[in-house]
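Numbering starts at 1 and runs along the sequence shown.
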Amino acid sequence: MKISIVCVGKIKESYFRDAIAEYSKRLTRYCKLEILEVADEKTPDGASEALEDDVKAKEAERILKKLPEDAYKIILDIGGCKTDSVAFGHRIEKLGVEGKSHIAFVIGGSLGLHGSVKQRADESLSFSDMTFPHQLMRVILLEQIYRGFRIVNGEPYHK
């Protein structure tokens with residue numbers, strides 16, 4: 001299985017980079033992983049709704065250019081469906097069994113995802129009603145993908 005993560009922005013903090021590297025290394029045993037970063041847009045403080053939508057639209061253009069056409073597309077969105085780790089792992093497994101050998105997860109920037117990206121999604125997933133920094137979300141997503149593979153392979157995982 002191939003997993004792509006299309007995400008907005010670079011990771012500046014070394015502790016996030018270290019965590020991403022660790023989970024990326026662990027995942028090599030279960031899948032081929034690629035992380036595709038696109039540049040984020042600067043948003044001035046107090047930006048209007050129209051300006052925020054413009055920022056999301058510019059980021060969306062970049063995301064859509066990187067989004068693999070052949071992949072099953074799952075966006076991370078606060079309004080998406082919620083699941084637990086066991087069901088998430090089985091969902092990834094089920095997609096593979098159904099012949100979807102490439103899954104692309106999309107993490108938006110600090111303002112979220114533009115409607116044009118949401119329209120291209122096959123599925124929308126929420127990890128919480130809480131808002132997380134997109135840099136941290138990348139770590140959380142990788143950890144949950146790793147945990148999911150361990151679960152479906154019957155391997156021990158921390159509960």
>> Glu123: which residues meet the salt bridge (charged side-chain N to carboxylate O under 4.0 Å, His left out) condition with it, sequence neighbours left out?
In response: Arg91

>> Under the rule for side-chain hydrogen bond (donor to acceptor under 3.5 Å, both in side chains), what residues qualify as partners of His114, not counting sequence neighbours?
In response: Ser116

> Listed by chain and number, what are the salt bridge (charged side-chain N to carboxylate O under 4.0 Å, His left out) partners of Arg17, not counting sequence neighbours?
Replying inline: none

>> If you compare all heavy atoms of Ile78 against all heavy atoms of Ser126, which two are closest, and at what distance to 0.1 Å?
In response: O-OG, 3.3 Å

> Of all residues at least two apart in sequence or in a different chain, which pass the ring-ring contact (aromatic ring centres under 6.0 Å, His included) check with Tyr30?
Replying inline: Phe149

>> List the residues meeting side-chain hydrogen bond (donor to acceptor under 3.5 Å, both in side chains) with Gln144, not counting sequence neighbours, and say none if there are none.
In response: Ser85

> How close do Ile107 and Leu113 get, heavy atom to heavy atom, and via which atoms?
Replying inline: C-CD2, 4.4 Å

>> Taking salt bridge (Lys or Arg N to Asp or Glu O under 4.0 Å) as the cut-off, I'd like each qualifying pair that reaches into residues 135-145, sequence neighbours left out, listed once.
In response: Glu37-Arg138, Glu143-Arg147

>> Please find the pair of heavy atoms, one from Leu51 and one from Ala47, that lie closest to each other, and give the distance.
In response: CD2-CB, 3.7 Å

> Do we get Arg26 above Tyr146's six-membered ring, with its NZ or CZ under 6.0 Å from the centre and within 45° of the axis?
Replying inline: yes

> Can you list the residues that meet the salt bridge (charged side-chain N to carboxylate O under 4.0 Å, His left out) rule with Asp54, with sequence neighbours excluded?
Replying inline: Lys58

>> Enumerate the ring pair (Phe, Tyr, Trp, His ring centres under 6.0 Å) contacts for residues 43-69, please, sequence neighbours excluded, ordered by first and then second residue.
In response: none

> Considering all heavy atoms of both residues, which atom of Phe105 and which atom of Ile145 are nearest to each other, and what is their separation?
Replying inline: CE1-CD1, 3.7 Å

>> Going by the rule side-chain hydrogen bond (donor to acceptor under 3.5 Å, both in side chains), which residues pair with Asp77 if we only count those two or more places apart in sequence or in a different chain?
In response: Lys118

>> Among residues at least two apart in sequence or on other chains, which ones pass salt bridge (charged side-chain N to carboxylate O under 4.0 Å, His left out) with Lys2?
In response: Glu34

> How far apart are the C-alpha atoms of Glu59 and Arg62, what are their side-chain angles, what is the distance that settles it, and do they pass the salt bridge (Lys or Arg N to Asp or Glu O under 4.0 Å) test?
Replying inline: CA-CA 5 Å; Glu59 290 175 347; Arg62 295 178 191 132; 5.6 Å; no

> What pairs of residues pass the salt bridge (Lys or Arg N to Asp or Glu O under 4.0 Å) test when at least one of them lies in residues 99-113, not counting sequence neighbours?
Replying inline: Glu98-Lys100

> Would you find a donor on one side and an acceptor on the other, under 3.5 Å apart, between the side chain of Lys73 and the backbone of Ala71?
Replying inline: yes

> Any ring pair (Phe, Tyr, Trp, His ring centres under 6.0 Å) pairs touching residues 31-68, not counting sequence neighbours?
Replying inline: none

